[in-house]
Amino acid sequence: MSAAPPPRTGQRILVVSPYPPVRDGIGAYAVQQVRALRRQGHHVEVVSPWPSAAHHHLPLEGPKGAKALKKLMAGFDRVIVHFHPDVFYVNPSTPTSRISTGTALASAFRSGPPVEIRLHEVDRRWASATEQVEASSRSGFVATQVFEQAARASRAVFKAADEITVHVPEHERMMIDQFGVDPKRVRLVDHGEDFTRRVPDDRAAARASLGLPADGHVFVCIGFIQPHKGFDRAATAFRVIGDPDASLHIVGSVRVDDPSAVDHQRELEALAAQIPGVHLHLGFVSDEAFDRWIVASDTVVLPYRHIWSSSVAERARLYGRPVIATRVGGLADQIGEHPANVVVDDNAGLARAMAAAVGASDVAPAEAASWEFDGPVSRDTVMAEITRRAAAQRGVRLKPTVSSPGSPPAARSSAPAHVATPLRRLGLTPPPPPTSARPGVSTVKRLIRRVIAWEVDPLRQQLVDLQQASVKAAETTDARLDEIADDADGTPSA
């Protein structure tokens, strides 16, 4: 006769979140929470919206997703929902989606075990029909009643939860004042309460393992390469600090299904090529490597344009690394009390803070050259000025070209034609959005996309790779042609 199983001391907890190996910031956060709960003796299972290492996989979008989640929740003592609109709503930007999905989610949260919503992002305007109507009025569409229903459904989702946990006081106030949640149900939690160190806090060893010089001030920007992260702002600010021993390392990977992120990668590659000391490290970053970059840094830079809260800030705080951050979301409250932490409001402040970190003083971003034309202003003169500025950034000296008599003086001086120019103008063609005004068609489009993704996505990536390789090859050709032209007239190119 087999022995009886030991009595269960902890709870059965269901965590709802994206999960590795899917590359997602919320998923990385959830992994650390799951480990902490298990250390406390709880039995924890995870449900994710996509195939992953989670125990359960459910399509969580829309009313059907809410009903499936409601059924799964029934077997647990407690549910923790890592909330992000993209996980639960078919189209978060439309009021009809917020009504149908919000109503279904509220019903699911009220009917099962206690639910905690760990809030990662939501638009505060969802709670206000007035703000939504005003925003839609600017595009010529007003449906007050629909927006009122959407606002009620959005507020109902959070009111139905037994507890809302947030990371910064601003979001605590938002839940209480704008979404109408009972203050007793809103709790402020430390973003890094479940975080643990993954590598030793040894800067010298971390730098050696990453191939970084032992000396010199190291700035690090790390995370997914996306425009809202503002890594380009850090690179531009680094240009003016004037310390030859300092370096800025931008570390992260690009989501290949996001055309704007791929375009942003190109922008960062150009900045890294132009600015001495700026280095771009593209590729997947494991949890251990992530921490190693934090440990190797002297200063972590968070130049975000938009964000709610940042796990990077928490990892920096865990290892005691100072942070320079923009005043967006809850970063000012989140980065902690390190004496070298700085919160900035604009690009000029970012440049001054980075300069101060390396001991420079009275440094401000260089003024942009004034727009001056010797003759009539036309499309040609403006394009000539743009070309001149772009060439100046690349360190290329432009040569005057012969023009027809009577042409404006500004148009007579222009850059030689470059092979790479037309290639750079080619943008990526993103897949058409799987949306439709006809009922049910959006669902069919999303299903078709999932079915054919295994064939289409590799082809799209191949096109991206071919375009990038073509641009780089053309830029190499341009540089060689400039050298040949300089050799021919005896004028150095830089």
Side-chain angles (χ1 to χ4, degrees), residues 13 15-19 24-37 40 78-88 114-127 154 157-159 161-197 222-224 226 228-230 287 290-291 294 300-338 341-343:
I13 300 176
V15 173
V16 184
S17 172
Y19 213 63
D24 184 274
I26 295 175
Y29 178 99
V31 166
Q32 296 171 92
Q33 184 188 52
V34 168
R35 290 171 179 166
L37 290 170
Q40 296 168 16
R78 177 185 169 199
V79 178
I80 301 174
V81 177
H82 287 266
F83 186 87
H84 191 285
D86 290 346
V87 173
F88 297 100
V115 172
E116 171 195 341
I117 293 180
R118 182 63 59 96
L119 193 61
H120 291 285
E121 187 169 339
V122 68
D123 192 330
R124 63 177 180 81
R125 293 177 298 178
W126 284 22
S154 298
V157 172
F158 300 99
K159 289 182 177 180
D162 295 84
E163 185 176 46
I164 308 291
T165 49
V166 297
H167 299 308
V168 293
E170 176 188 348
H171 302 146
E172 181 181 26
R173 292 189 296 270
M174 181 186 74
M175 281 288 109
I176 296 169
D177 298 339
Q178 295 174 271
F179 282 81
V181 179
D182 185 341
K184 296 178 181 177
R185 294 189 175 191
V186 183
R187 181 166 60 94
L188 188 64
V189 299
D190 187 342
H191 190 287
E193 66 178 359
D194 297 324
F195 288 13
T196 58
R197 296 187 178 195
I222 190 168
F224 287 117
Q226 296 170 296
H228 78 269
K229 297 290 183 68
D287 292 343
F290 193 103
D291 277 18
I294 298 292
V300 176
V301 185
L302 308 179
Y304 301 151
R305 293 183 170 95
H306 167 75
I307 204 164
W308 269 49
S309 59
S310 169
S311 292
V312 181
E314 292 299 337
R315 304 307 300 180
R317 187 166 63 143
L318 188 66
Y319 289 100
R321 295 301 185 267
V323 172
I324 298 174
T326 46
R327 198 184 303 277
V328 294
L331 287 184
D333 295 316
Q334 189 189 0
I335 60 175
E337 302 296 330
H338 193 288
N341 285 352
V342 181
V343 179

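Taken from CG in Leu188 to CD1 in Ile164, the straight-line distance is 13.5 Å, to the nearest 0.5 Å. Atom CD of Gln178 sits about 12.0 Å away from atom CZ of Phe158, to the nearest 0.5 Å. Between the CD atom of Gln32 and the CZ atom of Arg315 there is a distance of 5.0 Å, given to the nearest 0.5 Å.
Between Ala316 and Val300, the shortest heavy-atom contact is CB-CG2, 4.0 Å. Counting all heavy atoms, side chain and backbone alike, Pro85 lies closest to Trp126 at CB-CH2, 3.7 Å. The minimum heavy-atom distance between Gly27 and Ser17, with the atom names listed, is CA-OG, 4.1 Å. In this structure, Val323 and Asn341 approach most closely via the heavy-atom pair N-OD1, 2.8 Å. Nearest heavy-atom pair, Pro18 versus Ala30, reported as atom, atom and distance to 0.1 Å: O-CB, 4.4 Å.
Remark: Arg321 engages Asp201 in a salt bridge (Lys or Arg N to Asp or Glu O under 4.0 Å) (not counting sequence neighbours). Contacts of Glu170 classified as side chain to side chain donor-acceptor pair (under 3.5 Å), with partners at least two apart in sequence or in another chain: none. The side chain to side chain donor-acceptor pair (under 3.5 Å) search around Arg305 returns Asp232, not counting sequence neighbours. Residues satisfying the side chain to side chain donor-acceptor pair (under 3.5 Å) criterion with Thr165, sequence neighbours excluded, are Glu116, Arg118. Judged as a side chain to side chain donor-acceptor pair (under 3.5 Å), and not counting sequence neighbours, His171 has no contacts. Remark: Asp177 pairs with Arg173 by the side chain to side chain contact (heavy atoms under 4.5 Å, CB included) rule, at least two apart or across chains.
Counting heavy atoms from C-beta on, the side chains of Val81 and Phe88 come closer than 4.5 Å. Taking 4.5 Å as the limit, some side-chain heavy atom of Glu172 sits within range of a side-chain heavy atom of Ile176. Contact of the Leu37 side chain with the Ile80 side chain is registered, since non-hydrogen atoms from C-beta on lie closer than 4.5 Å. Using a 4.5 Å heavy-atom cutoff, the side chains of Val312 and Ile294 are in contact. Counting heavy atoms from C-beta outward, Ile117 and Glu163 have side chains that stay 4.5 Å or more apart.
Distance alone, capped at 3.5 Å, is enough to place a donor-acceptor pair between the Thr326 side chain and the Tyr304 backbone. At least one donor-acceptor pair under 3.5 Å links the side chain of Arg185 to the backbone N or O of Lys159.
Taking the six-membered ring where the residue is Trp, Tyr29 and His82 present perpendicular rings, their angle passing 60° and hence far from 30°. Ring geometry for His228 versus His306: interplanar angle over 60°, hence perpendicular rather than tilted (30 to 60°).
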